[in-house]
Amino acid sequence: PIHDNRRKTRCPGGYNDPAVVGLEPPDGHGEATWVIYLSGISTFLIWIQLIQVLVLSPRLAAFTFTITKMFEDVSRNLLVISLIVVSFAGTLTVLNQPYYDSLEDSILNLLKIILGLSFLELESLEGW
């Protein structure tokens, strides 16, 4: 049994039941297991099925078409933004800036800055 205070209520047969999952999280840390992955995939497929049902109504079909076109435009813009972020992250990694030791750390730190979740030392860069 897990002696973690955060998991006092456990549902038998639920996603955090060791008999179902098969693995206990090490040292109290959560671990993504096959049940969590399966839940995420099935939730995504249910939302896709809901969108297909909306096409049956003439009024909602136009709305669904408009939303689909909007997602295409947004996805293209997000692709360009992600290329710019990865480019800046690579540059900061090559310049050996503090807190930007690897490409993964650099990307995560830049995303924290963009979202406003960073601490002050993360936003300051050293001079050349």
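Since the model is a prediction, treat every value here as computed from it, not as a measurement. Numbers here are sequence positions counted from 1.
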Enquirer: To the closest 0.5 Å, what do you measure between CG (L45) and CG (L50)?
Expert: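 The CG atom of L45 sits 12.5 Å away from the CG atom of L50.
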
Enquirer: Rounded at 0.5 Å granularity, tell me how far CD1 in I46 sits from CD1 in I41.
Expert: 12.0 Å

Enquirer: Once rounded to the nearest 0.5 Å, what's the spacing between atom CD1 of I113 and atom CG of L108?
Expert: 11.5 Å

Enquirer: Any chance you could measure L110, atom CG, to L92, atom CG, to the nearest 0.5 Å?
Expert: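 Answer for the CG-CG pair, L110 versus L92, is 5.5 Å.
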
Enquirer: Please list all pairs passing the ring pair (Phe, Tyr, Trp, His ring centres under 6.0 Å) test where one or both residues lie in residues 86-106, with sequence neighbours left out.
Expert: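 Output for this query lists Y99-F119.
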
Enquirer: Should V80 and R76 count as side-chain neighbours, where that means a heavy-atom distance under 4.5 Å?
Expert: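 Sidechains of R76 and V80: no contact.
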
Enquirer: Could you give the distance from OG1 (T93) to CG (N109), rounded to the nearest 0.5 Å?
Expert: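 Reported value, rounded in 0.5 Å steps: 9.0 Å.
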
Enquirer: Does V86 belong to the same Ile/Leu/Val/Met/Phe/Trp/Tyr cluster as V94, with side-chain heavy atoms less than 4.5 Å apart forming each link?
Expert: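 Shared cluster, no.
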
Enquirer: With sequence neighbours left out, which residue pairs that include part of residues 100-109 fulfil the salt bridge (charged side-chain N to carboxylate O under 4.0 Å, His left out) condition?
Expert: none

Enquirer: Restricting to side chain to side chain contact (heavy atoms under 4.5 Å, CB included), what partner residues turn up for I67, sequence neighbours left out?
Expert: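 Result, side chain to side chain contact (heavy atoms under 4.5 Å, CB included) vs I67: F63, M70, F71.
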
Enquirer: Can you tell me how far apart CG (L111) and OG (S118) are? Round to the nearest 0.5 Å.
Expert: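 Taking CG in L111 and OG in S118, the distance rounds to 11.0 Å.
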
